[in-house]
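Quick caveat: nothing in here was measured; it's all calculated off a predicted structure.
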Amino acid sequence: MKVTVRDAAAHARRLGYHVIAAEQLRATRCLLVLAEPSGQPFAVLIQRRALITAADVQDFAEMLFLRRLDRGLLIAVDGGFSNEARRTAQELRQATITLTTDIPPASGLAPAGLSPVVDLQ
């Protein structure tokens, strides 16, 4: 399955978000900056890989820093997260990164405990 910015942005809109920015970084990776209904922006990095590693989490943290965002979702499509990736996400101080498999509905976004199950398509 390809990860396309067009499909990801349409999916985010259906879930109730306003898409501020959308970039196709690679064939298997795209970045969205979304706004919640309250107007609060956050980033979403969608990546299709068998295993998301600590380096991917650190790359995303750098993207958040450069965009001056303090929160983001790192989404694994058709894959999972290494234990090191999970640890790295928990240890970050400058940003909160939630590791998940999909974007939750806008009304269901909470700072912790996300576990959506719908696939990006």
Side-chain angles (χ1 to χ4, degrees):
M1 177 176 103
K2 283 180 135 181
V3 173
T4 66
V5 72
R6 188 174 128 206
D7 291 343
H11 182 65
R13 285 186 193 99
R14 282 192 302 273
L15 292 169
Y17 296 101
H18 172 70
V19 178
I20 297 170
E23 299 175 50
Q24 187 76 46
L25 304 175
R26 293 187 195 128
T28 60
R29 195 178 205 196
C30 68
L31 178 70
L32 302 176
V33 178
L34 305 177
E36 299 177 273
S38 68
Q40 185 69 24
F42 67 100
V44 178
L45 180 63
I46 303 163
Q47 192 164 326
R48 181 183 172 262
R49 278 179 62 185
L51 188 64
I52 306 295
T53 66
D56 298 308
V57 174
Q58 291 170 336
D59 286 347
F60 187 39
E62 182 74 16
M63 289 178 201
L64 292 173
F65 175 77
L66 292 172
R67 286 169 175 75
R68 298 181 182 181
L69 297 169
D70 60 0
R71 187 166 59 96
L73 300 176
L74 178 52
I75 297 177
V77 176
D78 298 334
F81 299 98
S82 71
N83 289 333
E84 292 82 13
R86 293 177 194 283
R87 250 190 320 277
T88 301
Q90 290 174 344
E91 292 172 355
L92 291 172
R93 289 200 170 102
Q94 76 276 16
T96 301
I97 295 178
T98 301
L99 308 179
T100 186
T101 58
D102 196 10
I103 305 168
S107 61
L109 187 60
L114 296 176
S115 57
V117 294
V118 180
D119 235 310
L120 279 174
Q121 292 190 20

Within the structure provided, determine whether Leu32 and Val5 are in side-chain contact (heavy-atom separation under 4.5 Å). yes
Mind checking the CD-OG1 spacing from Gln90 to Thr98? Nearest 0.5 Å is all I need. 10.5 Å
Is it true that Ile20 and Met63 fall in one hydrophobic cluster, defined by side-chain heavy atoms closer than 4.5 Å? yes
Option among Leu69, Leu34, Asp70 that satisfies the side-chain contact (heavy atoms from CB on, under 4.5 Å) test with Pro41: Leu69
Under a 4.5 Å side-chain heavy-atom rule over Ile, Leu, Val, Met, Phe, Trp and Tyr, are Leu64 and Leu92 clustered together? yes
Note, Leu45 side chain near Leu25 side chain (heavy atom, < 4.5 Å): yes
Hey, what do you get for CZ (Arg68) to CD (Gln94), rounding to the nearest 0.5 Å? 14.0 Å
Please report the closest heavy-atom contact between Pro104 and Tyr17, naming both atoms and the distance. O-OH, 2.9 Å
Look up atom OG1 in Thr28 and atom CD1 in Ile46, then write down how far apart they are to the nearest 0.5 Å. 12.0 Å
Kindly confirm or rule out a cation-pi arrangement of Arg71 over Phe42, judged by NZ or CZ under 6.0 Å from the six-membered ring centre and within 45° of its axis? yes
dist Arg29:CZ -> Asp59:CG (nearest 0.5 Å) comes out at 5.0 Å
Would Val57 and Leu99 count as a side chain to side chain contact (heavy atoms under 4.5 Å, CB included) here? Give the steps. CA-CA 9 Å; Val57 174; Leu99 308 179; 4.2 Å; yes
In the structure I gave you, are the side-chain heavy atoms of Val77 and Thr101 within less than 4.5 Å of one another anywhere? no
Can you tell me how far the CZ atom of Arg13 sits from the NE2 atom of His18, to the nearest 0.5 Å? 8.5 Å
Would you say Glu84's side chain and Ala54's backbone share a donor-acceptor pair under 3.5 angstrom? no
Compare all side-chain heavy atoms of Leu15 with those of His11 and state whether any distance is below 4.5 angstrom. yes
Any side-chain heavy-atom pair of Gln47 and Val3 under 4.5 Å: no
Between Ala106 and Gly16, which heavy-atom pair has the shortest distance, and what is it? CB-O, 3.6 Å
Apply side chain to side chain contact (heavy atoms under 4.5 Å, CB included) to Thr88 and Ile97, showing your working. CA-CA 9 Å; Thr88 301; Ile97 295 178; over 6 Å; no
According to side-chain hydrogen bond (donor to acceptor under 3.5 Å, both in side chains), who are the partners of Arg49, at least two apart in sequence or on a separate chain? Asp56
Quick one: does Gln58's side chain have a donor or acceptor within less than 3.5 Å of a partner on Thr53's backbone? no
As an exercise, state the distance from CZ of Phe60 to CD1 of Ile75, rounded to the nearest 0.5 Å. 8.5 Å
